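Working notes for the structure below.
Source: prediction; values computed, not measured.
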Amino acid sequence: MAPIPGSGLAKGLAVTLRTMTRKPVTAQYPDTRPDLPPRTRGVIGLFEENCTVCMLCARECPDWCIYIDSHKETVPPAAPGGRERSRNVLDRFAIDFSLCMYCGICIEVCPFDALFWSPEFEYAETDIRDLTHERDKLREWMWTVPAPPALDPGAEEPKEVAAARKTADRLAAAQAEQQEES
């Protein structure tokens, strides 16, 4: 059956007339913040206390946009008569977001849950060289990572979160002491 000449035009005009009478749904971004779904991929947050400097994230990154520097430190024996151990200490952890393609491979391969997706999306810079964010900024974004749903309503706070709070309090106290000395 052949279409009636002009029926496509009539259908198009009908759609136009129908949408002209509706109120627009455009949200003006700076004035109204968007409601993002949970677990939105914004930027990558670093939970420094869990990082063992295993370098898996940097090795698996297809863009090579993760920069890690570390040094070895000797730890005294835990018990008398034990032997000294060495451990890696994180000196620098930076991600160049101008290169990052937000694939999430680094987060998936991290065996110690040190990297997480943060829903932050307002980190634009005027200069592309400023898109390399160091571990201080990545640590700030860690606090915006939404908590995973609780497995048990009566469960206690995870030890990792308690350790992170303790470290943050220690850093804040050290900064306060430095400001008092100045």
Side-chain angles (χ1 to χ4, degrees), residues 33-79 82-152 155-175 178:
R33 292 188 50 110
D35 293 328
L36 300 174
R39 297 292 180 193
T40 298
R41 289 184 175 193
V43 292
I44 298 169
L46 171 66
F47 192 57
E48 235 179 293
E49 287 75 22
N50 284 359
C51 184
T52 61
V53 196
C54 65
M55 305 284 222
L56 274 175
C57 54
R59 279 184 277 158
E60 295 296 325
C61 179
D63 290 333
W64 292 87
C65 64
I66 299 175
Y67 309 110
I68 300 175
D69 292 331
S70 66
H71 70 275
K72 288 207 182 276
E73 195 173 81
T74 305
V75 180
R83 66 183 179 107
E84 292 182 337
R85 308 272 180 186
S86 66
R87 69 180 181 109
N88 289 327
V89 178
L90 185 65
D91 292 331
R92 179 180 186 225
F93 193 104
I95 299 176
D96 188 351
F97 285 103
S98 66
L99 296 175
C100 182
M101 63 182 189
Y102 304 91
C103 63
I105 292 174
C106 57
I107 295 168
E108 294 297 321
V109 300
C110 182
F112 302 104
D113 290 333
L115 298 173
F116 294 90
W117 282 117
S118 169
E120 291 292 317
F121 61 93
E122 296 174 322
Y123 58 97
E125 300 287 345
T126 55
D127 188 3
I128 196 168
R129 291 172 290 199
D130 294 335
L131 281 172
T132 300
H133 294 291
E134 299 291 331
R135 69 181 183 176
D136 298 334
K137 188 67 174 173
L138 300 175
R139 185 184 315 120
E140 285 177 31
W141 285 328
M142 184 59 207
W143 297 110
T144 63
V145 172
L151 299 175
D152 182 9
E156 61 185 41
E157 182 178 55
K159 63 182 178 191
E160 292 87 3
V161 174
R165 285 206 172 113
K166 184 178 174 183
T167 304
D169 292 342
R170 203 175 331 125
L171 287 172
Q175 288 177 350
Q178 287 178 351

Would you call [X] and [Y] a salt bridge, using N to O less than 4.0 angstrom?
X    : Y    : result
D169 : K166 : no
K137 : E134 : no
R33  : E122 : yes

Intermediate values then yes/no, side chain to side chain contact (heavy atoms under 4.5 Å, CB included), F93 and L115: CA-CA 11 Å; F93 193 104; L115 298 173; 3.8 Å; yes
If only atom types and distance count, is the side chain of [X] paired as donor or acceptor with the main-chain N or O of [Y] below 3.5 Å?
X    : Y   : value
D113 : N50 : no
R59  : C54 : yes
R135 : E48 : no

Stepwise side chain to side chain contact (heavy atoms under 4.5 Å, CB included) test for R165 and E157: CA-CA 11 Å; R165 285 206 172 113; E157 182 178 55; 2.3 Å; yes
What pair of heavy atoms forms the shortest contact from [X] to [Y], and how long is it?
X    : Y    : value
L56  : P111 : CD1-CD, 3.7 Å
F47  : E160 : CZ-O, 2.9 Å
C103 : R41  : O-NH1, 3.3 Å
L90  : R92  : CD1-O, 3.6 Å
A114 : C110 : N-SG, 3.3 Å
I44  : C100 : CD1-SG, 4.5 Å

State the [atom1]-[atom2] distance between [X] and [Y], to the nearest 0.5 angstrom.
X   : Y    : atom1 : atom2 : result
S98 : R129 : OG    : CZ    : 11.0 Å
C65 : F97  : SG    : CZ    : 7.5 Å
I66 : D96  : CD1   : CG    : 10.5 Å

Min side-chain heavy-atom separation W117-Y102 under 4.5 Å: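 Side chain of W117 against side chain of Y102, heavy atoms only: contact under 4.5 Å found.
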Qualifying residue for side chain to side chain contact (heavy atoms under 4.5 Å, CB included) with I95, from L46, L138, T132, V43: L138
From CA spacing to verdict: side chain to side chain contact (heavy atoms under 4.5 Å, CB included), F121, L36: CA-CA 10 Å; F121 61 93; L36 300 174; 3.5 Å; yes
Step-by-step side chain to side chain contact (heavy atoms under 4.5 Å, CB included) determination, K72 to N88: CA-CA 5 Å; K72 288 207 182 276; N88 289 327; 3.3 Å; yes
Ring geometry between Y123 and H133 (parallel below 30°, tilted from 30 to 60°, perpendicular above 60°): perpendicular
Atom CG of L171: over 12 foreign heavy atoms under 6.0 Å: yes
